[in-house]
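A short worksheet on the structure shown next.
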Amino acid sequence: IQVGRTGALTPRAVMEPVGVGGVMVTHASLHNEDEIARKDVRIGDTVILQRAGDVIPQILGSVADKRPPGAQPFVFPNTCPACGSHAVRPPGEVVRRCTGGLICPAQTVERLIHFTRRNAMDIEGLGEKNIQALFDAGLVKSPADIFRLDRHAATIRGWEGWGAKAKTPEEARKVPNLLAAIESRRRVPLERFIFALGIRRIGEANAKLLARHYHSFAEWRAKMLAATTIGSEAREELGSIQGIGPAIATELAEFFAEPHNRDALDDLAREVTPEDAVVAAAADSAFAGKTVVFTGTLTQMSRDEAEAQAERLGAKVTKSVSKKTDFLIVGADAGSKAAKAAEIGVRTLTEAEWREMAGLG
């Protein structure tokens, strides 16, 4: 059982080495306990294996007549193999998750690995093996610790393969190169910073949406903290961002509701400067910096196209009308949003007026 950065327990099959498509395969994911039961894969089974898309090893099922006598169905653990905490399967989900959170070493290591990856902080020289070694040595327990590794340079140089009795020039430069790579990542775009935190459901696209909406780290942090209160204006604003649904809003709120997470985030922010998001928009756009909502059926373009155009003009596009809404663009068959806009005094535009102001003709 492997434990991921979000606490997900993933079963992995360990097999005798077998050649498939020119590659020797020894491991394959079994995904979750339902998948194991569906395929009825048991310990000691002979299995049928393929590489999905000629890449990913995949078990199709077992060979019944080769099953060892007395082979029992696999019993999925209800405790985490890494920290011993309860492993809980939430209602409606197929994945069982460790509840250990920050005390779970497997989750900590996986979060650190995610933090350093190319599409996150992109720190060259900190792959899985090196992160594990630094964690095991007690030198890196949180993302901020990575940026304090220079304090331990002498210790690290003494490790085999890190400079001690270096056999090659590359090995001799390993620690200096690593520290230089870390130093070069002290300023990163806000969207990369948010994604690197490894918050569940916050992928690259959602991180970009959040960065574009809140613009600065200080604003994002303050609004996320305020959004921990259900029914608050900040929670409503978060849920109204186009592309951010209730499940994502809940994950963000739960992350910021945990004091340990806030402490780790603030510790990191003392070492790293997230750069404000840049909104590419015409300086003279009537919608630059404005919050807009579309409702009803548009005739000249689809709702998605209109929202994308508004964002290109520097607007924040949300799904619901509030006191912070600057414009409501109304198409045919507009409903309750138009009524609410009139009630709270939000300016309403027809599709034609919107197109004229946007310079669309």
Side-chain angles (χ1 to χ4, degrees), residues 1-117 126-138 140-141 160-161 198 200-201 203 247 251:
I1 299 290
Q2 291 183 307
V3 185
R5 64 182 172 84
T6 63
L9 271 61
T10 302
R12 187 170 72 152
V14 182
M15 301 168 288
E16 293 181 6
V18 60
V20 183
V23 176
M24 293 303 293
V25 177
T26 57
H27 298 91
S29 174
L30 285 167
H31 305 294
N32 55 64
E33 53 192 303
D34 287 356
E35 187 74 354
I36 294 174
R38 185 180 70 82
K39 293 180 176 177
D40 189 25
V41 177
R42 305 185 186 187
I43 296 172
D45 271 354
T46 297
V47 295
I48 303 167
L49 185 71
Q50 73 173 12
R51 289 174 63 207
D54 291 328
V55 178
I56 303 171
Q58 182 181 65
I59 290 177
L60 300 181
S62 59
V63 182
D65 59 5
K66 292 190 176 183
R67 172 167 289 163
Q72 296 296 313
F74 179 73
V75 178
F76 209 89
N78 55 20
T79 57
C80 173
C83 68
S85 299
H86 289 297
V88 176
R89 181 173 172 176
E93 294 193 16
V94 298
V95 175
R96 190 174 292 272
R97 297 183 186 277
C98 166
T99 59
L102 293 169
I103 70 166
C104 178
Q107 290 186 60
T108 301
V109 170
E110 288 297 325
R111 283 177 182 270
L112 290 169
I113 292 170
H114 170 82
F115 180 81
T116 61
R117 281 180 172 145
L126 275 182
E128 296 183 21
K129 183 178 178 181
N130 290 343
I131 284 288
Q132 188 69 60
L134 292 166
F135 179 82
D136 291 343
V140 173
K141 296 294 186 182
E160 184 69 31
R200 190 182 175 210
R201 299 186 194 276
E251 294 289 353

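Excluded from the calculations below are hydrogen atoms, water molecules and symmetry mates; all remaining heavy atoms, backbone and side chain alike, are included. Along the sequence shown, the residues carry numbers beginning at 1.
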Legend entry - Residues Leu9, Gln2; criterion side-chain contact (heavy atoms from CB on, under 4.5 Å); working and verdict: CA-CA 6 Å; Leu9 271 61; Gln2 291 183 307; over 6 Å; no
Inset, instruction - Might you point out which heavy atoms bring Val95 and Pro90 nearest each other, and give the distance in Å? - result: O-CD, 3.6 Å
Legend entry - Between CD on residue Gln132 and CG on residue Leu112, distance to nearest 0.5 Å: 9.5 Å
Inset, instruction - Determine whether Pro73 and Arg42 make a side-chain contact, defined as any pair of heavy atoms from C-beta on separated by less than 4.5 Å. - result: yes
Inset, instruction - Report yes if some heavy atom in the side chain of Ser85 is under 4.5 Å from a heavy atom in the side chain of Cys104; otherwise report no. - result: no
Inset, instruction - Taking the side chain as every heavy atom from C-beta outward, state whether Arg51 and Val20 have any atom pair closer than 4.5 Å. - result: yes
Legend entry - Pairs involving residues 70-95, ordered by first then second residue, that meet salt bridge (Lys or Arg N to Asp or Glu O under 4.0 Å) (sequence neighbours left out): Glu33-Arg89, Asp34-Arg89, Glu93-Arg97, Glu93-Arg200
Legend entry - Nearest-0.5 Å distance, CD1 of residue Ile131 to NE2 of residue His114: 12.5 Å
Legend entry - Main-chain N/O of Val88 paired with Arg96 side-chain donor or acceptor, under 3.5 Å: no
Legend entry - salt bridge (Lys or Arg N to Asp or Glu O under 4.0 Å): pairs with one or both residues in residues 65-83, sequence neighbours excluded: Asp40-Arg67, Asp45-Arg67
Legend entry - Pairing residues for His31 by the ring pair (Phe, Tyr, Trp, His ring centres under 6.0 Å) criterion, not counting sequence neighbours: none
Inset, instruction - Of all the heavy-atom pairs spanning Val94 and Asn32, show the shortest one and how long it is. - result: O-CB, 3.5 Å
Inset, instruction - Evaluate whether atom CG of Leu60 has more than 12 neighbouring non-hydrogen atoms of other residues, nucleotides or ligands under 6.0 angstrom away. - result: yes
Inset, instruction - Hey, could you give me the CZ/OG1 distance between Phe115 and Thr108, rounded to the nearest 0.5 Å? - result: 13.5 Å
Legend entry - Minimum heavy-atom distance Cys83-Cys98, with the two atoms named: SG-SG, 3.6 Å
Legend entry - Check: Lys39 side chain, Ile59 main-chain N or O, donor-acceptor pair, under 3.5 Å: yes
Legend entry - Beyond-backbone contact of Val3 with Glu110, side-chain heavy atoms, under 4.5 angstrom: no
Legend entry - Chi angles and distances behind the side-chain contact (heavy atoms from CB on, under 4.5 Å) call for Val25, Leu49: CA-CA 9 Å; Val25 177; Leu49 185 71; 3.8 Å; yes
Legend entry - Beyond-backbone contact of Pro11 with Ile36, side-chain heavy atoms, under 4.5 angstrom: yes
Legend entry - Min side-chain heavy-atom separation Ile1-Thr10 under 4.5 Å: no
Inset, instruction - Taking the side chain as every heavy atom from C-beta outward, state whether Thr99 and His86 have any pair of such atoms under 4.5 Å apart. - result: yes
Legend entry - Taking every non-hydrogen atom, the tightest pair across Gly198 and Arg111: O-NH1, 3.3 Å
Inset, instruction - Could you tell me whether the side chain of Gln58 and the main chain of Ile56 form a donor-acceptor pair under 3.5 Å? - result: no
Inset, instruction - Only one of Ile113, Thr116, Val140 passes side-chain contact (heavy atoms from CB on, under 4.5 Å) with Leu126; say which it is. - result: Thr116
Legend entry - Exercise: identify the closest heavy-atom pair between Phe74 and Ile43: CD1-CD1, 4.3 Å
Legend entry - Arg5 side-chain N/O to Gln107 backbone N/O, donor-acceptor pair under 3.5 Å: no
Legend entry - Thr26 side chain reached by Val14 side chain, heavy atoms, under 4.5 Å: no
